[in-house]
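When a residue number appears, it is its place in the shown sequence, counting from 1. FYI, side chains are in, hydrogens and waters are out, and symmetry mates aren't considered; it's all heavy atoms of this structure.
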Amino acid sequence: MRATSGCRAMLVALACVAMMGGGAAAQDSNPVVRPTMIAPGTNAVIEAGEPSGWSNPEDMQATTGTAAIPAATRQLWTEEARRMQRLGTTTTLKASRSGGVLMLALNGGRTLKLFDQGVPGSALYDGDRFHLLVDLPLAANLYAVDVMMNEFDFHWLILPSTGVMTSLPGKPVLSADLRRAFGFRDELMNGRELAVVSIGPDQVTHDEVSWQPDNEPDTEYALSWTADGQAITVSEVRQKTHRTSFRLLLKDGAWRRE
C-alpha cells in the first residue's frame, strides 16, 4: 500500500456500475448496500477524455441534490471544490468530481479517475476508501490526494505527466525548491513513519530513510524543511519538557540524523 502504484486498466462500464451502487450485499449487519470494489488496492483508472463534473462550489450546488449529501461530506466536497477552482488558474492542472469519482486531468487529454469505495456519511468498513484532493503549491505542478480508509489513511502524490501515484504516509510537505517532499505520519494507532521523495518532471522516487522516530506516546515531533531544501529539521519533545532539535541530511544514499 505504501509502494508506488500505477493505475490499473479496466472497462468504464465496470466503474460506472460499481459507483452507482449496483452491487454488493450488505456487509455484516450494516443495512446499507455497499458498492463493489473497483480495483482492490487502488480504485483507479486512466481514461481518454477530459474530466467532467463539478469543479467549483457553485457547480456542485447546481448539479447535486445537496440535501441528500451528509453534512460532513458536503463540507468536505465544498472545500475540495474551492481547491479545484484554484487549480483552474493553471494551464496544466484541472480537477473535478462527480459524486464518488474524483477526476484529475493528465497530459495528452487523459483523465485519472479515483473511485470512492463505500457510502459517504456511513461508518468506515474494511475495504472502504474515500479520496479528497488537498492543497499543494501550484508551482509544483502536482496533485495530492488524501486517501481515507478504515482506521488508516495515506496520501497519493501524482504527476500530471504520467498519472503515476506515489504514496506517502502523511500529507506531502514540499521543499522550497519543489524538488523534494516528505510525508510524516504521527498516529497513536498506526505509529510514526517518515517517507521522503525526490520529484522529477516525469517521476517521483522514494529516498531511503535511515532515521526512525521514537514510537513512545510521550514523545512529540514537528518536522519542516530548511530554507535551502537540503535538510529536514526535527523538533523532538519528550515528556513535554525535554526538547531536542536536530537535522536529517541525505548522506551516503539515505536521510540520516546529522
Self-check item: Sequence neighbours excluded, every pair satisfying ring-ring contact (aromatic ring centres under 6.0 Å, His included) that has a member inside residues 69-94
Solution: Trp54-Trp77

Quiz item: How are the rings of Tyr221 and Trp211 set to each other: parallel, tilted or perpendicular (split at 30° and 60°)?
Solution: perpendicular

Looking at [Y] and [X], is any side-chain nitrogen of the basic one under 4.0 Å from a carboxylate oxygen of the acidic one?
{"X": "Asp135", "Y": "Arg86", "result": "yes"}
{"X": "Lys113", "Y": "Glu47", "result": "yes"}
{"X": "Glu80", "Y": "Arg82", "result": "no"}
{"X": "Asp153", "Y": "Lys171", "result": "no"}

Same cluster (ILVMFWY, side-chain, under 4.5 Å), [X] and [Y]:
{"X": "Leu142", "Y": "Leu168", "answer": "yes"}
{"X": "Phe182", "Y": "Leu174", "answer": "no"}
{"X": "Ile232", "Y": "Val197", "answer": "no"}

If only side-chain N and O atoms count, and only distance matters, is there a donor-acceptor pair under 3.5 Å linking [Y] with [X]?
{"X": "Thr162", "Y": "Asp202", "result": "no"}
{"X": "Ser198", "Y": "Arg179", "result": "no"}
{"X": "His131", "Y": "Asp146", "result": "no"}

Self-check item: Leu157/Val204 under side-chain contact (heavy atoms from CB on, under 4.5 Å): CA gap, chis, key distance, verdict
Solution: CA-CA 8 Å; Leu157 197 61; Val204 177; 4.2 Å; yes

Exercise. State which residues pass ring pair (Phe, Tyr, Trp, His ring centres under 6.0 Å) with Tyr143; sequence neighbours excluded, sorted by chain then number.
Key: none

Self-check item: Distance in Å, Asn190 CG paired with Phe152 CZ, rounded so as to fall on 0.5 Å steps
Solution: 5.5 Å

Self-check item: Min side-chain heavy-atom separation Arg180-Leu250 under 4.5 Å
Solution: yes

Practice problem: Determine, step by step, whether Glu258 and Arg256 satisfy the salt bridge (charged side-chain N to carboxylate O under 4.0 Å, His left out) criterion, reporting the C-alpha distance in whole Å, the side-chain angles of both residues, the deciding distance to 0.1 Å, and the verdict. | Solution: CA-CA 6 Å; Glu258 187 178 31; Arg256 309 174 186 276; over 6 Å; no

